[in-house]
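First the structure, in the form of structure tokens, and then the observations on it.
Proteins get letters first, then strands, A, B, ... in listed order; numbering begins at 1 in each.
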Amino acid sequence: MFKNQGTMDVSVLPQVLQWKQGGAGVEDLEPEVRSPVDEVFDQFLKGNTIFKNRDVLRHDYVPEKLPHREEEIRTLASILAPALKGQKCSNVFIYGKTGTGKTAVARYVLDKLTAKARQIGAPVVACYINCRMAGTEYRILASLCEALGVKVPFTGLAKAEVLERFKKALIGREFVFIIMLDEVDVLVKAHGDALLYELTRLNPELKGSKICLIGISNDLTFKEHLDPRVLSSLSEEEMVFKPYNASQLRDILWDRAREAFVDGAVSEAVIGLCAALSAQEHGDARRALDLLRVAGEIAEREGARKVEVEHVRKAVKCIEYDRIVEAIRSLPLHAKLILLAVYEKTKKVSSVITGEIYAAYSAICSRMGLTPLTQRRISSIINELDMMGLLNAQLVNMGRYGRTKKIRLAVQRSIVREILTQEGLT
DNA sequence: CTTCCACAGGAACCAGCGGACC
DNA sequence: GGTCCGCTGGTTCCTGTGGAAG
């Protein structure tokens, strides 16, 4: 779906250019009449009075200093330190909600550790894998192999074969291999804990090399899905990251803002608002940084010399809008049709039940000459849409009248209509 | 107290695909 | 070129269930 969008943009561009070229007397007027595009570019070039370095506000940026996480850094570093002497270190499990600095701390410590190891010549190899990005057990194994310099094909091999190659790369080589699995809960929910089980019990086979696992999860209840044997060996050490409060968020934002913005471009009020809004949402630093960055971009686009509170308010709306647009556009066709069914069914009433949605969806399908999917599948898709925050599905019991889900749109109707119309579905 | 609705959601399975291996 | 592999996105079949109605 994103690909479609990309080609659309490109296809529009030549038309605009042709129109410009085809316009009467454009060449004569060229020196005086400036195209809107030029204006945008010029403003961008000369008007960069707000940002010094906007990349600092991206969440994949690992800063030199992580305020209010000194304690956690020290703890993790002391757990991993034995690796520098070639000794096995404890497996670690890190919990905490999104934007509490888990990934940043872990990557920070890992970076420092590998740098130190290189400096003193210790055989430490580290591998960071985001399980959500990797997606499957196979690709995680493939990434592990790659970290050891073993090439494996993109697909086609049996998992057992990849695991075998991975072991072979480690056996007898005296490595301390630190594997960091970010969002490990996603892996376990989708594919079970078989891979984790394999990894935790690999050590005795390796004759020399040692594996150390760092699992990171933002789902606190995730432990329940784990086999007790996996759990006990994986969580030899546990760390819990507490959410930031508003004043801590303010410190973090100031730290980054000083690098990201020119002097005087942001005020205490702006930072305070970003911090307060994000603190309301379980102290998510990632969201706070996004908010500040988008507010800055809006201010820049408006040609303002500094970021105002108003820009932050606009940023809140802008981020939400973008999230919804992106979510809906990237949906497969039948998921969009279900969204459409919910949209149409909730015109008069606030919520509808699964059966009604399915009937409406089937009607839409036959109108469009498509074969509808089964109700079982629709039930799953509704759950997916619920997880994405596009729908709100609540399990209800209506006694004699059965057990079903009450479904509402979880986002603004106008946005849903707008996007579905653009997609040619309404 | 029993019945029974209208599904939820788990489990097993399938087809088609891209790709590696021999 | 046949065989095997994993992944995606489905289907079919099935059991489970809270509480209003009778």
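Taking atom CD of residue A:E384 and atom C1' of nucleotide B:dG9, one finds them 13 Å apart after rounding to whole Å. Rounded to an integer number of Å, the gap from CZ of A:R400 to P of B:dT3 is 11 Å. Between the CE atom of A:M387 and the C1' atom of B:dA8 there is a distance of 15 Å, rounded to whole Å. The separation between A:M398 atom CE and C:dT17 atom C1' is 14 Å, rounded to whole Å. Note: CZ (A:R139) to C1' (B:dG18) measures 12 Å, nearest angstrom. Protein atom CG of A:L395 is 10 Å distant from nucleotide atom P of C:dG19, rounded to whole Å. In this structure, the CG atom of A:N397 is 8 Å from the P atom of C:dA20, given to the nearest Å. Between A:Y401 atom OH and B:dC5 atom C1' there is a gap of 10 Å when expressed in whole angstrom units.
Contact annotation: A:T354 does not reach the phosphate of B:dC7 (side-chain N/O to OP1 or OP2, under 4.0 Å). Look at A:T404 and you won't find any side-chain N or O under 4.0 angstrom from OP1 or OP2 of B:dC5. Note on A:K405: a side-chain N or O is less than 4.0 Å away from OP1 or OP2 of B:dG9. Considering only side-chain N and O atoms, A:N383 lies nowhere under 4.0 angstrom from the phosphate OP1 or OP2 of B:dA8.
In this structure, A:R173 fails the cation-pi test against A:F175, since its NZ or CZ atom is not both closer than 6.0 Å to the six-membered ring centre and inside 45 degrees of the ring normal. Judged by the 6.0 Å and 45° rule, A:R69 forms a cation-pi pair with A:Y244.
Of the charged side-chain nitrogens involved, at least one lies within less than 4.0 Å of a carboxylate oxygen, so that A:R165 and A:E161 count as a salt-bridged pair. Salt bridge A:K102/A:E72: absent, no basic N to carboxylate O contact under 4.0 Å. For the pair A:K65 and A:D255, the salt-bridge criterion is met [side-chain N within less than 4.0 Å of a carboxylate O]. A salt bridge links A:R132 with A:E183: at least one charged nitrogen is closer than 4.0 Å to a carboxylate oxygen. We find that A:K52 and A:E259 are not joined by a salt bridge, their nearest charged nitrogen and carboxylate oxygen being 4.0 Å or further apart. At a threshold of 4.0 Å, the pair A:R417-A:E344 does not count as salt-bridged, since none of the basic side-chain nitrogens sits closer than that to a carboxylate oxygen. For the pair A:K168 and A:E164, the salt-bridge criterion is not met [side-chain N within less than 4.0 Å of a carboxylate O].
No side-chain donor-acceptor contact under 3.5 Å links A:N91 to the backbone of A:S235.
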Within the sub-3.5 Å range, which N or O atoms of nucleotides 19-22 of chain B have a protein N or O partner, and how far apart are they?
| residue | atom | partner | partner atom | Å |
| --- | --- | --- | --- | --- |
| B:dG19 | N2 | A:G156 | O | 3.4 |
| B:dC21 | OP1 | A:R165 | NH2 | 3.0 |

Extract from the structure each pairing of a protein N or O with an N or O of nucleotides 12-16 of chain C at less than 3.5 Å, listing the distance.
none

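If you check every strand for non-hydrogen atoms under 4.0 Å, A:Q375 touches sugar and phosphate atoms only.
Interface residues of residues 356-373 of chain A facing DNA chain C, ordered by number: A:L373; criterion, heavy-atom separation under 4.0 Å.
Ring-plane geometry between A:F51 and A:F261 is classed as parallel, the angle between the planes falling under 30 degrees on a 0 to 90 degree scale with a further cut at 60.
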- Query: ring pair (Phe, Tyr, Trp, His ring centres under 6.0 Å) between A:Y95 and A:F241: does it pass, once the steps are laid out?
  - Reply: CA-CA 6 Å; A:Y95 298 101; A:F241 280 52; over 10 Å; no

